[in-house]
Amino acid sequence: MARTVPYTCTSCAGVAPKWSGQCPTCGSWNTLVEAIAGKASSPVQSLASVSLVHGSPRPTGVEEFDRLFGGGLLPGSVTLLYGEPGAGKSTLLSQVAIAASARGTIVLLVCAEESAAQVRLRTERLGLLPKELLVIATTSLDEALTAAEQSNAELVVVDSIQALRADDVAGPSGAINQLRTCAERLVALAKHRGPAIIIVGHVTKDGEVAGPRSLEHMVDTVVAFEGDRHQTLRIARAVKHRFGTTGEVGLFEMGSSGLAAVDDPGRLLLDEHVHHVAGSALAIVLEGHRPLITELQTLVVDAHGGVARRTASGIDHARISLLLAVLEARCGLSLAGLDVFASVTGGLRATEPAVDLPLALALTAAVSERSLPKGLASFGEVGLAGELRRVRGAERRIAEASRLGLRHVIVPASTPEVETSVQLHRAATVDEAIDLARNVIPAH
Ligand code: TYD
Ligand code: MG
């Protein structure tokens with residue numbers, strides 16, 4: 001980004017020929033702004049003539065990652081990648097750094113948590129280490145900003161924001177004012193100097209309020225990196241994307257040499273499915289534009305007089321409570337005095353309303369201790385009256401069931417006609433769906 005206009009300091013009004021994190025006149029941080037060139041030129045312009053971006057998206061070379069951004073990272077964009085410790089954030093970004101560097105992008109890794117030697121050891125395991133890949137091990141924000149400027153980095157990876165600290169701000173690293181200041185200055189760097197910046201943030205399951213997710217509004221793109229450290233499947237999900245569509249996902253498998261793209265996630269998940277267990281059901285969910293078959297597992301046990309517990313992992317708690325209420329009120333299923341557990345296998349998260357129906361089927365199967373028919377999947381939203389509502393992408397979901405060789409799919413009655421090799425069973429209510437699974441669809 002060649003700039004001809006000088007920069008002025010908002011603190012001392014001093015002029016600087018080029019942008020830098022620190023004002024050369026008064027030493028204030030992050031106070032330099034672009035001076036408006038020639039007051040005569042009006043700031044008003046036709047909307048159509050406004051330049052949209054600094055450039056075009058630049059692929060990093062890790063395809064499953066690039067797809068989250070609609071093809072690649074935009075120069076000057078800031079991405080927050082958050083996930084639980086051990087999810088594989090550093091691994092993913094090391095691979096992104098290797099790939100981007102190998103394509104000729106100047107990449108700087110800012111390692112605030114590990115020594116440069118530790119990072120080299122990990123990175124070498126992940127691929128051929130490009131000689132040009134730059135690293136700085138520091139917890140100082142100022143050092144990181146200076147390094148990014150001096151190296152003319154086009155991609156800066158900051159791992160992690162919680163370990164970085166601005167010297168002129170009170171409080172320990174990771175404190176909310178530190179997080180904000182660090183993010184603010186990184187954003188300023190991206191906007192003025194044009195590197196794409198990826199910021200790593202650790203979040204815990206409880207999702208503390210003052211954590212890195214509070215920075216979401218400051219960045220252009222937010223990617224949630226999900227997956228259980230005990231499982232192999234990892235999902236990167238674009239939960240916010242200022243320059244395009246959100247909801248795109250990248251699917252990876254963690255292996256001995258890092259993360260690999262999953263060619264056939266449905267197959268992977270289905271392979272682990274044990275169909276004859278009462279309480280499990282296959283759901284067809286949509287992750288971004290991709291249909292994915294996942295297994296929902298439920299377990300219902302006597303609470304032995306204690307307060308009945310509802311425990312869910314990967315499924316929205318409120319949805320389970322709602323479903324249980326509907327099942328009691330509309331289908332006569334009694335769950336009083338029973339502990340209910342529900343989870344999604346593969347460490348995935350099933351948060352769309354489309355999982356209501358398979359969840360209801362799994363729960364009724366668990367209570368009646370009868371397993372569902374083999375090769376049966378379903379999708380559909382359950383309303384408070386027990387009615388089944390259609391969900392988006394029915395055709396894609398059914399096509400995926402067919403591709404994976406499933407035989408029966410229960411869908412909401414209002415689902416549009418689809419030509420398919422699987423047997424479609426339409427149900428208007430959750431009660432009807434339960435009856436289909438129990439009495440109509442053959443068990444084998
Ligand atoms: P890491 O990327 O360090 O997680 P995060 O930065 O999100 O905290 O990696 C976490 C786990 O991945 C760790 O338990 C080790 C495992 N792992 C592999 O299984 N294979 C590999 O090639 C690498 C580098 C890590
Ligand atoms: Mg890490």
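Just follow the structure's listing: the first ligand is 1, and inside any ligand the first atom is 1.
- Among Gly83, Ser90, Gly88, Ser256, the residue whose heavy atom lies closest to atom 4 (O) of ligand 1 is Gly88.
- Shown in contact with Arg122 at under 4.0 Å from a heavy atom are these atoms of ligand 1, numbered in order with element: 24 (C).
- At least one N or O atom of Gly86 sits closer than 3.5 Å to an N or O atom of ligand 1.
- The Mg ion (ligand 2) does not have Ser160 among its coordinating residues (no N/O/S atom, backbone or side chain, under 2.8 Å).
- Under the 6.0 Å distance and 45° angle rule, Arg234 does not count as a cation-pi partner of Phe252.
- Both the backbone and the side chain of Lys89 come within contact range of ligand 1, each with a heavy atom under 4.0 Å.
- Of all heavy-atom pairs between Thr91 and Arg122, the closest is OG1-CD, 4.2 Å.
- The closest donor-acceptor contact from the side chain of Lys89 to the backbone of Gly201 lies at 3.5 Å or more, if one exists at all.
- Remark: ligand 1 atoms within the under-4.0 Å shell around heavy atoms of Gly258 are 21 (C), 22 (O).
- The contact set between ligand 1 and Pro85, taken as ligand atoms under 4.0 Å from a residue heavy atom, comprises 8 (O).
- Residue Glu395 places its CD atom among 12 or fewer non-hydrogen atoms of other residues, nucleotides or ligands, all under 6.0 Å distant.
- Each of the atoms 18 (C), 19 (O), 20 (N), 21 (C), 22 (O) of ligand 1 lies under 4.0 Å from some heavy atom of Gly255.
- Under a 4.0 Å N-O distance rule, the pair Glu400/Arg396 does not qualify as a salt bridge.
- For Arg58 and Asp66, the salt-bridge test fails: no basic side-chain N is under 4.0 Å from an acidic carboxylate O.
- Set against the non-hydrogen atoms of Glu84, the atoms of ligand 1 under 4.0 Å away are 7 (O).
- Residue-level proximity to ligand 1 for Ser257 is carried by the backbone, the only part with a heavy atom below 4.0 angstrom.
- Taking the charged nitrogens against the carboxylate oxygens, Glu226 and Arg237 do have a contact shorter than 4.0 Å, which makes a salt bridge.
- Electrostatic pairing of Arg290 and Glu64 counts as a salt bridge here, judged by a charged N lying under 4.0 Å from a carboxylate O.
- Heavy-atom proximity to Thr91, at under 4.0 Å, picks out these atoms of ligand 1: 1 (P), 2 (O), 9 (O), 23 (C), 24 (C), 25 (C).
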